[in-house]
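Every chain is numbered from 1 and lettered A, B, ... according to where its sequence line falls, protein lines coming before strand lines.
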Protein chains: 2
Amino acid sequence: MTAAETAVETIQREMTVFARRARASAGRMHPELSLVSYTLLGHLEERGGCRATDLAAHYALDKSTVSRQVAALEQAGLVERRLDPEDHRVQVLHLTEAGQEILAQVTQSRRAAFRERLADWPEADLVRFAAYLGRYNAGTPAGSADD
Amino acid sequence: MTAAETAVETIQREMTVFARRARASAGRMHPELSLVSYTLLGHLEERGGCRATDLAAHYALDKSTVSRQVAALEQAGLVERRLDPEDHRVQVLHLTEAGQEILAQVTQSRRAAFRERLADWPEADLVRFAAYLGRYNAGTPAGSADD
DNA sequence: CCGTTCTAGTTGTATAGTACAACTTGACCG
DNA sequence: CGGTCAAGTTGTACTATACAACTAGAACGG
């Protein structure tokens with residue numbers, strides 16, 4: 001086996017390990033906001049309002065899944081829905097103030113955790129690792145073999 | 001923000017993206033074997049037989065979860081349990097022939113998917129990326145901030 | 001040697017996240 | 001208009017998971 005093949009297998013194995021653990025630990029870290037909710041809130045923050053359908057398409061989730069997630073987030077007071085005056089089928093989703101706060105807080109705690117874990121990495125390695133991850137995910141058309 | 005801090009944030013974001021997608025796509029790739037089952041089977045293959053408790057500890061899963069997973073795998077004829085003659089509380093788990101076959105087949109298809117996705121990466125990058133992932137996961141004492 | 005305590009595993013119950021299918025409401029097009 | 005398309009919701013089902021209560025077997029200490 002070539003070095004490249006060995007490397008591919010390692011990547012596969014390590015990504016699998018990582019994937020298996022991710023959600024559970026995210027939940028443990030901040031029980032108030034699941035990984036999905038966090039992601040959706042983050043998206044809303046970035047875009048400053050978007051439709052449920054966009055979220056579904058962007059994250060390769062079923063619209064019913066998004067619908068329920070959004071319902072829960074609204075229930076929790078983290079997002080609000082505004083009826084699009086142009087098209088009454090559409091609800092434009094916005095973060096509430098509480099949503100922004102929680103998002104910031106969770107982002108903060110996640111960032112701290114990552115920082116701690118990566119604390120003893122040389123900067124050059126961090127930069128390269130970040131680039132690799134970006135390249136890896138970019139090669140993934142939201143729904144293929146991304147485990 | 002320093003370059004290192006930026007890199008840490010990118011790593012965090014990309015890992016999150018990856019984590020969110022992983023399970024679903026694994027399921028799509030080979031519906032016959034979930035990510036968890038695959039991992040457990042792989043472990044069994046590596047060790048050539050181990051106890052359910054070891055699996056639970058190693059993967060930070062509840063013993064009840066492992067118990068049900070194993071039950072399903074046994075039902076499917078992929079593993080078999082042998083009562084430890086030394087200690088009748090213990091069931092030593094072994095892959096069956098069918099289990100080995102399916103495991104090999106899924107490993108094959110997963111490997112192919114990864115290979116394809118990483119096809120245009122230079123070998124040096126693959127090797128470094130693999131090393132980074134290994135280091136990252138190794139820094140994770142099975143239950144901390146590994147998302 | 002027997003009772004207490006520990007360990008392995010199972011089972012009951014609950015929850016989250018997810019998908020698919022059926023439906024409702026509103027828009028758009030000819 | 002009327003048919004078709006798009007956005008969301010709701011019903012239903014399944015998987016992975018955890019926690020708690022339980023059973024069965026082992027081990028240790030008086």
Side-chain angles (χ1 to χ4, degrees), chain A residues 16 19-41 49-76 79-93 142-143 147, chain B residues 16 19-41 49-76 79-93 142-143 147:
Chain A
T16 304
R20 203 175 25 67
R21 292 174 171 173
R23 273 177 214 241
S25 13
R28 249 173 275 129
M29 266 173 73
H30 29 259
E32 72 281 11
L33 209 56
S34 77
L35 201 49
V36 187
S37 306
Y38 175 71
T39 306
L40 298 184
L41 253 44
C50 75
R51 305 178 305 159
T53 298
D54 298 339
L55 292 176
H58 197 275
Y59 295 110
L61 293 170
D62 192 81
K63 53 188 178 157
S64 67
T65 301
V66 172
S67 173
R68 286 186 235 264
Q69 287 286 336
V70 168
L73 291 173
E74 190 194 26
Q75 194 68 27
V79 308
E80 64 183 17
R81 328 189 202 200
R82 303 183 194 151
L83 220 63
D84 184 343
E86 305 283 292
D87 183 342
H88 277 207
R89 290 170 304 181
V90 171
Q91 299 169 356
V92 184
L93 305 169
D147 47 324
Chain B
T16 304
R20 205 178 18 70
R21 293 173 170 173
R23 273 177 214 239
S25 14
R28 249 173 275 129
M29 265 173 74
H30 28 257
E32 72 282 9
L33 210 57
S34 78
L35 201 49
V36 188
S37 305
Y38 175 72
T39 306
L40 298 185
L41 254 44
C50 76
R51 305 178 306 161
T53 298
D54 298 338
L55 292 175
H58 197 275
Y59 295 110
L61 293 169
D62 192 81
K63 54 189 179 156
S64 66
T65 301
V66 173
S67 174
R68 286 185 236 264
Q69 287 286 337
V70 168
L73 291 173
E74 189 193 28
Q75 194 68 28
V79 309
E80 64 183 16
R81 329 191 201 197
R82 302 183 195 152
L83 218 66
D84 184 342
E86 305 282 294
D87 183 339
H88 278 206
R89 291 169 305 181
V90 172
Q91 300 169 355
V92 185
L93 305 170
D147 47 324

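- Residue A:Gln69 has a polar side-chain atom (N or O) positioned under 4.0 Å from OP1 or OP2 of C:dG17.
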Quick one: side chains of residues 65-75 of chain B, donor-acceptor pairs under 3.5 Å with protein atoms, not counting sequence neighbours, listed by atom name and distance.
| unit_1 | atom_1 | unit_2 | atom_2 | d |
| --- | --- | --- | --- | --- |
| B:Gln69 | OE1 | B:Ser37 | OG | 3.3 |
| B:Glu74 | OE1 | B:Arg81 | NE | 3.0 |
| B:Glu74 | OE1 | B:Arg81 | NH2 | 3.0 |

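- If you take CG of B:Leu83 and C1' of C:dA8, they are 11 Å apart, rounded to a whole angstrom.
- Looking at heavy atoms from C-beta onward, B:Leu55 lies out of side-chain contact with B:Leu61 at the 4.5 angstrom threshold.
- Two residues are said to be in side-chain contact when any heavy atoms from C-beta on lie closer than 4.5 Å; A:Leu93 and A:Arg51 fail this criterion.
- For the pair A:Gln75 CD and C:dA16 P, the interatomic distance rounds to 13 Å; values are reported in whole Å.
- A 4.5 Å side-chain heavy-atom check between A:Val36 and A:Thr39 finds every atom pair outside the cut-off.
- Atom CG of A:Leu40 and atom P of C:dA16 are 16 Å apart (whole Å).
- Proximity of B:Gln91 to B:Asp84: side-chain heavy atoms (C-beta onward) are nowhere separated by under 4.5 Å.
- Within the helix from C:dC1-D:dG30 to C:dG30-D:dC1, the inter-axis angle between the opening and closing five-pair segments is 10°, rounded to 10°.
- In this structure, B:Leu55 places its CG atom 12 Å from P of C:dT10, rounding to the nearest Å.
- Per the geometry, CD belonging to A:Gln91 stands 9 Å off C1' belonging to D:dT9, to the nearest Å.
- To the nearest angstrom, P of D:dA16 lies 16 Å from OH of B:Tyr38.
- Contact annotation: the side chain of B:Val79 approaches that of B:Leu41 to within less than 4.5 Å [non-hydrogen atoms, C-beta and beyond].
- Scanning both residues, A:Leu40 and A:Tyr59, for their nearest heavy atoms gives CD2-CD1, 3.9 Å.
- B:Arg81 places its CZ atom 9 Å from the P atom of C:dG9, with the value rounded to the nearest Å.
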When you check every protein heavy atom under 4.0 Å of nucleotides 20-26 of chain D, what one-letter string (B, S, -) results, 5' to 3'? B----BS

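- The interatomic distance linking A:Arg51 (CZ) with C:dG26 (P) rounds to 17 Å, in whole Å.
- In this structure the side chain of A:Lys63 never reaches within 4.5 angstrom of the side chain of A:Thr53, judged on heavy atoms.
- Checking the phosphate oxygens (OP1, OP2) of C:dT18, no side-chain nitrogen or oxygen of A:Thr65 falls inside 4.0 Å.
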